[in-house]
Amino acid sequence: MPKWFAPERIGSALAPRKVLARVDPLGLAGALVHVGTRTATNALPRRVAGLGVELAKVAVGKSTIAPDKKDWRFENRAWKENPLYHRLCQSYLAWTKTALALVDDAQFDWRTAERAKLATVLFTAALAPTNAPLLNPDVIERAYETGGRSAVKGLRNISRDVMGNRGFPRSVDRSAFVVGRDLAVTPGAVVFRNEVCELLQYAAMTPTVNALPMIMVPPQINKYYFMDMAPGRSFVEYGLQQGLQMFAISWRNPTEEHREWGLSTYVDAVNDAVRAACEIAGTDQANTVSLCAGGITTAALLGHLASTQDALINCATFAVTLLDFTVPTMIGLLASPAIVENSRRSTKRAGVLRGHSATALFSMLRPNDLIWNYWVRNNLMGEEPPAFDVLSWNSDATRLPAGLHADFLDLFMQNSIATGSCSVHGNPVDLSKVECDSFVVGARTDHLTPWKACYATTQLMGGTSQFALSSSGHIQSLVNPPGNPRMNVATGEATDADPEEWLAKNTAVTGSWWVPWAEWASSRSGGRRPAPSSLGSAAHPADDPAPGRYVLAS
């Protein structure tokens with residue numbers, strides 16, 4: 001018998017669990033199987049019988065089931081006026097509703113329930129009649145209006161996506177924007193650079209400025225410039241207009257050679273950048289505004305500083321940042337040992353977590369809006385993807401080194417930032433010992449970092465905490481310049497442990513969280529002084545103009 005035929009080797013290589021982990025890394029199929037087994041003897045027969053009754057009502061025109069008014073898929077009047085389309089729509093909605101109800105009937109723990117719901121939503125979204133060209137009245141009407149040219153353009157778009165976008169429909173026309181020409185154009189310069197990051201200092205826009213520098217810490221999985229969009233939509237620009245001394249960290253896009261970079265590497269980088277900003281501004285302290293995973297890094301630094309009684313950071317802002325992972329969230333579906341271990345092994349082999357992997361995962365969490373919307377418009381109707389700055393930035397993804405990815409997974413599974421079991425360079429990270437004030441931002445419709453989970457951050461810090469609840473979602477709430485009448489924000493001191501109690505006491509008003517944040521930050525940024533006439537200092541001279549080198553690397 002040949003050596004390669006050793007049964008133990010075959011068993012190891014083809015272990016069902018390992019095979020399934022590669023095919024279904026999120027364990028979605030297993031979640032659906034659990035739904036079936038948990039509901040087979042009671043809920044499933046009852047739900048199937050109910051579905052049969054509803055479909056009979058649909059057939060004779062007696063059903064009252066209707067799509068949500070915000071469901072873009074069924075806006076064409078044919079879905080209501082044409083008897084065949086109307087029944088097709090109602091039938092689809094009926095069995096979709098039944099499938100989701102079965103997940104609730106299974107009564108899982110919240111993490112398993114989220115996996116089962118995601119699996120169900122992905123399945124039902126993929127089978128929507130609007131995704132099929134001959135069942136979508138919008139597609140048929142467009143083909144008729146264009147004499148079939150829309151179908152030809154759609155096939156061309158499909159070919160382009162298969163060749164250049166890993167089969168995913170493109171969400172944006174990136175050729176319309178160039179970083180440094182259309183986006184990230186606020187005047188400034190690189191004043192500090194190491195192998196992990198660059199620090200950008202921006203030119204003052206007011207005659208006087210607050211004394212303490214404000215350093216922006218972006219997430220490592222994205223490029224910083226979503227907070228420096230075009231003029232009028234730039235958070236950096238707005239801060240400068242209020243007299244804040246604005247600095248921004250721009251992360252290097254790591255490659256396989258940087259696989260060992262971990263949380264401590266990035267904490268050190270933020271520490272070095274903040275100290276460089278202090279030297280330039282001539283102060284002993286600085287303020288930070290951290291976004292998403294950048295907030296995790298800053299929180300780790302704050303805990304490290306507190307353990308050494310270093311008051312480097314005077315006040316800290318955390319926007320759409322999760323620090324307590326016990327609060328139920330959609331992203332919590334990943335908190336399974338099997339899923340995490342599979343992700344860890346995959347990233348360790350590659351050396352990095354590639355940006356497109358994270359983008360694909362986040363798109364899967366909202367498949368109708370982030371996948372099938374573009375499939376219908378681009379590939380069935382032959383439209384070109386839109387030219388939109390936020391979508392262009394979202395497509396400009398970066399990589400995570402394997403070390404940082406592993407550390408984030410550990411924080412996620414062990415909830416060690418919130419519990420104080422995390423350490424940086426051997427020093428414990430106990431956020432209750434962090435005495436600086438904090439400003440925490442959540443977004444009302446955020447599907448990645450739900451606002452109640454963001455609110456939990458206010459209960460972890462030792463200082464006083466202000467909470468702002470912005471309308472809209474994860475990124476839209478951040479790229480939120482004042483003047484939009486459709487946006488609103490509620491703000492107030494976070495003295496309540498229950499976020500619902502806080503919400504009951506604080507009424508939303510029209511506007512952006514940028515405004516109360518700037519007032520809060522200005523009052524904690526020292527007195528006014530004449531604006532600096534030049535960028536950098538003798539120890540940290542100005543180098544490349546903003547947006548620097550690192551942001552341009554692919």
Pair N379, N157: side-chain N/O donor-acceptor within cut-off below 3.5 Å
no

Kindly determine whether R193 and D544 satisfy side chain to side chain contact (heavy atoms under 4.5 Å, CB included), including the steps that lead there.
CA-CA 10 Å; R193 179 187 292 117; D544 297 312; 2.7 Å; yes

Between E279 and S537, a side-chain donor and acceptor under 3.5 Å:
yes

Does T297 reach the main-chain N or O of G295 with its side chain, forming a donor-acceptor pair under 3.5 Å?
no

Compare all side-chain heavy atoms of V172 with those of N394 and state whether any distance is below 4.5 angstrom.
no

Got a salt bridge between E384 and R170, using NZ or NE/NH1/NH2 to carboxylate O under 4.0 Å?
no

If you count the non-hydrogen atoms of other residues, nucleotides and ligands that lie under 6.0 Å from CG in D284, is the total more than 12?
no

Could you tell me if the ring centre of F235 sits under 6.0 Å from that of W517?
yes

Please walk me through it: do L431 and I417 pass side chain to side chain contact (heavy atoms under 4.5 Å, CB included)?
CA-CA 8 Å; L431 296 184; I417 283 280; 3.7 Å; yes

Could you tell me if the side chain of W261 sits less than 4.5 Å from the side chain of R252, heavy atoms only?
yes

Once the angle between the rings of F439 and W520 is folded into 0 to 90°, is it parallel (under 30°), tilted (30 to 60°) or perpendicular (over 60°)?
tilted

Could you tell me if S470 and S477 have a donor-acceptor pair between their side chains, going purely by distance under 3.5 Å?
no

Quick one, N253 and R399 - any side-chain contact, counting heavy atoms below 4.5 Å?
yes

Ignoring hydrogens and angles, state whether a donor on the side chain of D324 or N415 is under 3.5 Å from an acceptor on the partner side chain.
yes

Polar side-chain atom of T457 near backbone of C454 as donor-acceptor pair, under 3.5 Å
yes

Under the side chain to side chain contact (heavy atoms under 4.5 Å, CB included) criterion, do W372 and T130 qualify, and how do the steps go?
CA-CA 9 Å; W372 296 112; T130 47; over 6 Å; no

Below 4.0 angstrom, N of the basic side chain to O of the carboxylate: do D68 and K70 qualify?
no

Testing the 3.5 Å rule here: is there a donor-acceptor pair between the side chains of R528 and T208?
yes

Does the side chain of D437 come under 3.5 Å of the side chain of T464 through a donor N or O and an acceptor N or O?
yes

Parallel, tilted or perpendicular: which describes the rings of F467 and Y455, with under 30° parallel and over 60° perpendicular?
perpendicular

R366 side chain reached by N373 side chain, heavy atoms, under 4.5 Å:
no

Report yes if the side chains of F226 and P219 come closer than 4.5 Å at any heavy-atom pair, otherwise no.
yes

N165 side chain reached by R160 side chain, heavy atoms, under 4.5 Å
no

Going through the distances and angles, do S438 and S465 end up as a side-chain hydrogen bond (donor to acceptor under 3.5 Å, both in side chains)?
CA-CA 5 Å; S438 60; S465 187; 3.0 Å; yes

Under 6.0 Å from the CD atom of Q241, do we count more than 12 heavy atoms belonging to anything else shown?
yes

Before you tell me yes or no, could you show the steps for F168 and D161 under side chain to side chain contact (heavy atoms under 4.5 Å, CB included), namely the whole-Å CA-CA distance, both residues' side-chain angles and the distance that decides it to 0.1 Å?
CA-CA 6 Å; F168 272 80; D161 292 339; over 6 Å; no

Test your reading of the model: is there a side-chain donor-acceptor pair from T146 to the backbone of S150, 3.5 Å cut-off?
yes

Going by heavy atoms in the side chains, are I280 and P213 under 4.5 Å from each other?
no

Can you tell me if R181 has over 12 outside heavy atoms packed within less than 6.0 Å of its CZ?
yes

Do W251 and Y266 have their ring centres less than 6.0 Å from each other?
yes

Contacts of type side-chain hydrogen bond (donor to acceptor under 3.5 Å, both in side chains), residue K153, not counting sequence neighbours:
none

Under 3.5 Å donor-acceptor, N131 side chain and W375 backbone
no

Decide whether a cation-pi geometry holds between R377 and W72; the criteria are a distance under 6.0 Å from NZ or CZ to the six-membered ring centre and an angle within 45° of the ring axis.
yes

